[in-house]
There are 2 protein chains.
Amino acid sequence: MSSFQLEAITLGEGVNAVEAVTQRLRQAILDGSLSGGQVLRQETLAQQLGVSRLPIREAIRQLHSEGLVQMSVHRGAIVTALSPEDIREIYDIRVGLETTALRLALPHLSPAILKRANELMKKTETTSDADSWSEANWQFHLTLYAPAQRPRMIELIRTMHDNVGRYLRVYPALLQQQKNSHQEHQQLLAACQAQDEGRALQLLRQHLEGAGERLAAYIAQQRSAK
Amino acid sequence: MSSFQLEAITLGEGVNAVEAVTQRLRQAILDGSLSGGQVLRQETLAQQLGVSRLPIREAIRQLHSEGLVQMSVHRGAIVTALSPEDIREIYDIRVGLETTALRLALPHLSPAILKRANELMKKTETTSDADSWSEANWQFHLTLYAPAQRPRMIELIRTMHDNVGRYLRVYPALLQQQKNSHQEHQQLLAACQAQDEGRALQLLRQHLEGAGERLAAYIAQQRSAK
DNA sequence: TTATATAATTTTGTATCCAATTTTACTAGA
DNA sequence: TCTAGTAAAATTGGATACAAAATTATATAA
């Protein structure tokens with residue numbers, strides 16, 4: 001049960017192989033094509049993607065630095081499988097980073113930005129499939145953080161978000177749980193609109209802690225089931 | 001003025017080259033042997049460290065993910081030179097991560113841990129050279145965060161700390177500025193001892209923001225001077 | 001002299017080959 | 001049948017060789 005198929009990358013026109021491989025593998029992990037625990041054989045990936053092992057190795061190292069892959073010397077790489085504790089920790093990190101981003105963004109949240117956030121929030125209420133809900137939800141949060149003008153911080157948040165977000169695709173049942181957070185989104189947006197920093201940060205923290213706890217509990221349950 | 005000399009690594013006994021090279025290069029960047037803007041030629045490094053270019057490439061990619069090196073395709077890598085804005089952003093990230101770590105650690109700060117923190121704080125007051133002050137200062141903060149039991153979070157904090165901390169070695173004048181923060185350390189430790197979460201987090205945030213602003217201002221001044 | 005085009009050089013990116021290590025399969029002995 | 005030891009296979013780590021791109025140097029024309 002460790003079989004998978006990845007489409008070969010098309011390179012040429014200044015596209016370098018490492019970048020292309022990294023994106024392809026990251027995508028496969030995030031959309032669940034490669035799930036936690038999956039062994040990544042260099043030769044297999046090289047043949048499937050139509051490159052040599054070298055770009056594969058560098059791509060794996062890159063994904064390792066993003067937390068998506070675990071490496072061990074002479075034993076190869078596997079897709080990271082997060083334990084419930086891992087998930088709680090990643091959400092703790094998100095709380096730290098995202099409340100800081102929101103605090104810095106809050107003074108710069110213009111009516112136009114809040115309007116866009118509101119539209120994205122409505123989108124999450126109407127979409128049903130995991131992919132578009134995930135995307136809209138991420139864009140909603142990103143819209144609130146972007147005015148902070150902190151590219152490194154945003155990138156870190158994105159990495160953490162991706163690392164836990166992939167489980168939404170793996171376990172569709174989680175989507176329903178997360179959709180219960182619509183009310184929290186509304187309250188958060190209202191607090192931002194009112195420029196109520198204390199309340200906005202508290203709501204965001206609760207929102208994330210709740211989502212993290214639900215995901216961790218679900219993973220724990222899945223583990224004990226098998 | 002782009003010359004430097006690195007001692008060859010000794011590998012063998014299960015030591016893999018990539019790891020050894022990564023540590024050697026990281027060390028060289030953190031202690032100022034390789035300073036911001038320095039171009040990293042793969043062939044040069046390979047010869048100096050006594051390995052082929054391949055481990056060098058993977059090490060550079062690793063350091064890139066830590067923010068210490070910037071890569072651009074077909075143009076090579078340079079040691080990251082932080083702008084004042086970069087430094088402020090990294091300190092903003094540190095505020096988010098470190099206040100969260102301290103909040104989670106606070107309930108677990110035992111008398112023994114507080115005693116150790118107090119000893120490390122005293123050490124920072126007595127040492128004079130940049131190296132031992134930096135180390136003691138870092139250990140002081142780490143001691144307060146470690147009981148949070150969040151290894152990923154600690155690792156992220158360490159990465160951010162290293163990235164800005166290296167400037168203390170490059171610009172010794174900064175050391176005197178930072179030593180003015182002793183009083184802040186004392187107040188922080190007192191708030192932790194009193195389990196006063198609100199005050200402890202506020203002090204830590206001010207402590208970091210102050211240090212960040214001083215460093216950013218110094219870098220800005222250095223820039224305009226030349 | 002300056003600007004532009006072009007060739008030479010340097011440097012990085014990738015593929016292939018060999019070495020070192022780990023894993024698996026097999027054999028022998030109790 | 002089980003275990004320990006050993007050999008074979010598979011797999012990763014690293015070095016060398018070659019291709020592609022960028023940089024530098026050179027030459028030519030305005």
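So that the names make sense, note that chain A is the first sequence line, chain B the second, and so on, each numbered from 1.
One can place CD of B/Gln47 at 11 Å from P of D/dT16, the figure rounded to the nearest angstrom. In this entry the distance linking CD of B/Glu43 with C1' of D/dA15 reads 11 Å, nearest Å. Per the geometry, CZ belonging to B/Arg57 stands 9 Å off P belonging to C/dT12, to the nearest Å. Taking atom CD of B/Glu58 as the reference point, atom P of C/dT14 lies 13 Å away to the nearest angstrom. Between A/Leu54 atom CG and D/dA19 atom C1' there is a gap of 14 Å when expressed in whole angstrom units. In this structure, the CG atom of A/Leu45 is 9 Å from the P atom of D/dT12, given to the nearest Å. Between A/Ile60 atom CD1 and D/dG14 atom P there is a gap of 14 Å when expressed in whole angstrom units. Nucleotide D/dG13 holds its P atom 16 Å from the CD1 atom of B/Ile56, rounded to whole Å.
In this structure, A/Lys115 places its NZ atom where only 12 or fewer heavy-atom neighbours from other residues, nucleotides or ligands lie under 6.0 Å away.
Closest to the side chain of B/Ser52, from the set D/dG13, D/dT16, C/dT16, is D/dT16.
In terms of modelled atom types and a separation under 3.5 Å, the side chain of B/Ser181 and the main chain of B/Gln178 share a donor-acceptor contact.
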Identify every side-chain donor-acceptor pair in residues 145-156 of chain A under 3.5 Å, counting partners at least two apart or on other chains, and give the distances.
residue, atom, partner, partner atom, Å
A/Tyr145, OH, A/Glu98, OE1, 2.5
A/Tyr145, OH, A/His141, ND1, 3.1
A/Arg150, NE, B/Asp92, OD2, 2.7
A/Arg150, NH1, A/Ala148, O, 2.6
A/Arg150, NH2, B/Asp92, OD2, 2.8
A/Arg152, NH1, B/Asp86, OD1, 2.9

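Nearest heavy atoms, B/Val69 versus B/Thr80: N-OG1, 3.1 Å. The two residues A/Val164 and A/Leu215 come nearest to each other via the heavy atoms O-CD2, 3.8 Å.
Put simply, B/Arg53 has no side-chain N or O that comes within less than 4.0 Å of OP1 or OP2 on C/dT12.
By the salt bridge (Lys or Arg N to Asp or Glu O under 4.0 Å) test, B/Arg169 is found to be paired with B/Asp131, residues two or more places apart in sequence or in another chain being considered.
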Check the interface with nucleotides 8-11 of chain D: list each N/O to N/O pair with the protein under 3.5 Å, or write none.
residue, atom, partner, partner atom, Å
D/dT11, O3', A/Arg41, NH1, 3.2

